[in-house]
Amino acid sequence: DKQPSVVQLGQQQLTIADLYSQGQTSSPTIRYIQEDTFTNAAGMVAEEGTKPEFSWDLSEIDAVVRKVAGITKISDEAFKDFPQLRTYIDDRLPFAIRQREELQLIQGDGTGQNLLGILNVPGILTQAQGTDGNIDAIYKGITKVRTQGFFEPDSIVVHPDNWTPIRLYKTTQGAYEFAHPIARGEETLFGKQVVLTANMTVNTAVVGAFRIGGTVFYREGLRVEATNTDQDDFVKNRITIRAEQREVPVYWRPKAFCKVTGLTV
């Protein structure tokens, strides 16, 4: 009794790209002017007195579109004789692209063909745990975004291993501090949604106003295409299937984010 599907390995839910605002672009580069510093020199001035001078620094930023892609090959016979494989490929390849996108949006170093991930954005705020616990360090990160970036964070991205001791924290009487385990609802901390992903570096979290702080621009959306003319595919009755996506994250306001380091598991 052969079942009409492929039983896949478990995979985590992908959510990071959805935290940012999203847009489309028809260009290979996003160029914008960013305010780096601003000194407010405004003051009280007497009649005919000398006015204080404002000062600021601006820089021109180029964010270059990159490609996330991959291929696979399958025989004509397998593709035609087992319809569940077509369904499997239609599901698996797009997931693989989105999973790599999420990893890059977090950890990409921006060099070569890599995207620039949030952990490596120049100018983002930082908060070390020090002698604080995980909860206190994250709240201090929230405070830095409020007082140095002047934005209100909307999300906290953290590795599941670092969220576990927070979620299981108990009072001296043994009661769960964060709602009873059977209570329904999203994971939250200080009223901010908590996004759990194994793509985040362990012992590090990011607190951010993601929606206003950055935008993911898509030059070409996710595409899955097939051909039998790659290399010797035609003579060997094979099909090459390609999945790809072109995009670039733009971090308009680096101080809308704070990287919290030194968390414990």
Side-chain angles (χ1 to χ4, degrees), residues 7-22 95 98-108 117-121 124-214 216 249 251 253-265:
V7 179
Q8 300 181 28
L9 297 172
Q11 298 290 345
Q12 67 175 8
Q13 183 179 1
L14 304 178
T15 58
I16 300 303
D18 294 336
L19 297 180
Y20 297 95
S21 59
Q22 297 188 4
F95 173 84
R98 291 193 298 267
Q99 194 280 334
R100 185 57 56 180
E101 172 195 32
E102 178 155 306
L103 180 64
Q104 286 278 305
L105 289 176
I106 296 174
Q107 298 192 32
I118 186 61
L119 293 180
N120 297 306
V121 173
I124 68 169
L125 303 170
T126 59
Q127 173 65 48
Q129 185 195 58
T131 58
D132 297 319
N134 289 355
I135 299 174
D136 292 355
I138 289 174
Y139 190 78
K140 287 183 177 180
I142 293 174
T143 300
K144 279 193 172 181
V145 174
R146 288 170 171 167
T147 59
Q148 297 184 32
F150 304 105
F151 302 103
E152 183 61 29
D154 51 44
S155 301
I156 301 166
V157 181
V158 64
H159 193 282
D161 287 347
N162 294 120
W163 177 246
T164 296
I166 296 176
R167 186 61 182 85
L168 298 183
Y169 181 74
K170 298 182 180 69
T171 65
T172 54
Q173 288 76 35
Y176 285 98
E177 191 71 31
F178 292 90
H180 194 277
I182 67 172
R184 297 182 179 180
E186 297 180 350
E187 303 279 22
T188 61
L189 186 64
F190 301 114
K192 313 301 178 185
Q193 73 165 334
V194 175
V195 178
L196 305 177
T197 172
N199 288 317
M200 173 58 71
T201 301
V202 179
N203 298 336
T204 301
V206 173
V207 174
F210 285 83
R211 189 67 61 179
I212 195 173
V216 179
Y251 303 96
R253 302 172 176 88
K255 290 187 178 181
F257 304 94
C258 182
K259 178 168 60 175
V260 184
T261 60
L263 301 182
T264 54
V265 298

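Only this structure's heavy atoms are used, side chains among them; waters, hydrogens and symmetry mates stay out.
- Q193 meets the side-chain contact (heavy atoms from CB on, under 4.5 Å) test with L19, S155, E186, V195; sequence neighbours excluded.
- Side-chain atoms of Q107 never come within 3.5 Å of backbone atoms of G117 as a donor-acceptor pair (strictly under, hydrogens ignored).
- With hydrogens and angles ignored, the 3.5 Å screen pairs no side-chain donor or acceptor of Q129 with any backbone N or O of A137.
- Between Y139 and D136 the shortest side-chain heavy-atom distance does not fall below 4.5 Å.
- For residues 145-169, the salt bridge (charged side-chain N to carboxylate O under 4.0 Å, His left out) pairs, not counting sequence neighbours, are R146-E152, E152-K192, R167-E187.
- One distance of note links OG1 of T197 with CD of Q99; it measures 8.0 Å at 0.5 Å rounding.
- Heavy atoms only, all atoms of each residue included: L125 and G149 are closest at CD1-N, 4.3 Å.
- Judged as a side-chain contact (heavy atoms from CB on, under 4.5 Å), and not counting sequence neighbours, the contacts of T171 are Q173, A175, E177.
- When the side-chain contact (heavy atoms from CB on, under 4.5 Å) test is applied to Y176, the partners found at least two apart in sequence or on another chain are L168, K170, P181.
- At least one side-chain heavy atom of L189 sits less than 4.5 Å from a side-chain heavy atom of W163.
- To the nearest 0.5 Å, atoms CD1 (I138) and CD1 (I166) are separated by 4.0 Å.
- Ring geometry, Y20 versus F257: the interplanar angle falls from 30° to 60°, so the pair is classed tilted.
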Distance-only check: which donor-acceptor pairs under 3.5 Å involve side-chain atoms of residues 258-265, not counting sequence neighbours?
| unit_1 | atom_1 | unit_2 | atom_2 | d |
| --- | --- | --- | --- | --- |
| K259 | NZ | L119 | O | 3.0 |
| T264 | OG1 | N134 | OD1 | 3.3 |

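- Scanning all heavy atoms of the two residues, the minimum distance from S21 to G214 falls at OG-O, 3.0 Å.
- Smallest separation of non-hydrogen atoms from A256 and V145: O-CG1, 3.7 Å.
- Between the CD1 atom of I118 and the CD atom of Q104 there is a distance of 14.0 Å, given to the nearest 0.5 Å.
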query: Could you go step by step and tell me if N199 and I16 meet the side chain to side chain contact (heavy atoms under 4.5 Å, CB included) rule?
result: CA-CA 10 Å; N199 288 317; I16 300 303; over 6 Å; no
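- With sequence neighbours excluded, no residue forms a ring pair (Phe, Tyr, Trp, His ring centres under 6.0 Å) with Y169.
- Using a 4.5 Å heavy-atom cutoff, the side chains of Q22 and D18 are in contact.
- Looking at heavy atoms from C-beta onward, I135 lies in side-chain contact with F190 at the 4.5 angstrom threshold.
- Qualifying ring pair (Phe, Tyr, Trp, His ring centres under 6.0 Å) partners for F151, counting only residues two or more places apart in sequence or in other chains: none.
- Once rounded to the nearest 0.5 Å, the distance linking CZ of R100 with CZ of F95 reads 10.5 Å.
- Proximity of L196 to V158: side-chain heavy atoms (C-beta onward) are separated by under 4.5 Å at one or more points.
- For the residue pair A198 and P160, the shortest heavy atom distance occurs at N-CD, 3.9 Å.
- Partners of K140 under the side-chain contact (heavy atoms from CB on, under 4.5 Å) rule, at least two apart in sequence or in another chain, are Q127, D132.
- Taking the side chain as every heavy atom from C-beta outward, N203 and N162 approach each other to under 4.5 Å.
- The side-chain hydrogen bond (donor to acceptor under 3.5 Å, both in side chains) search around T126 returns none, not counting sequence neighbours.
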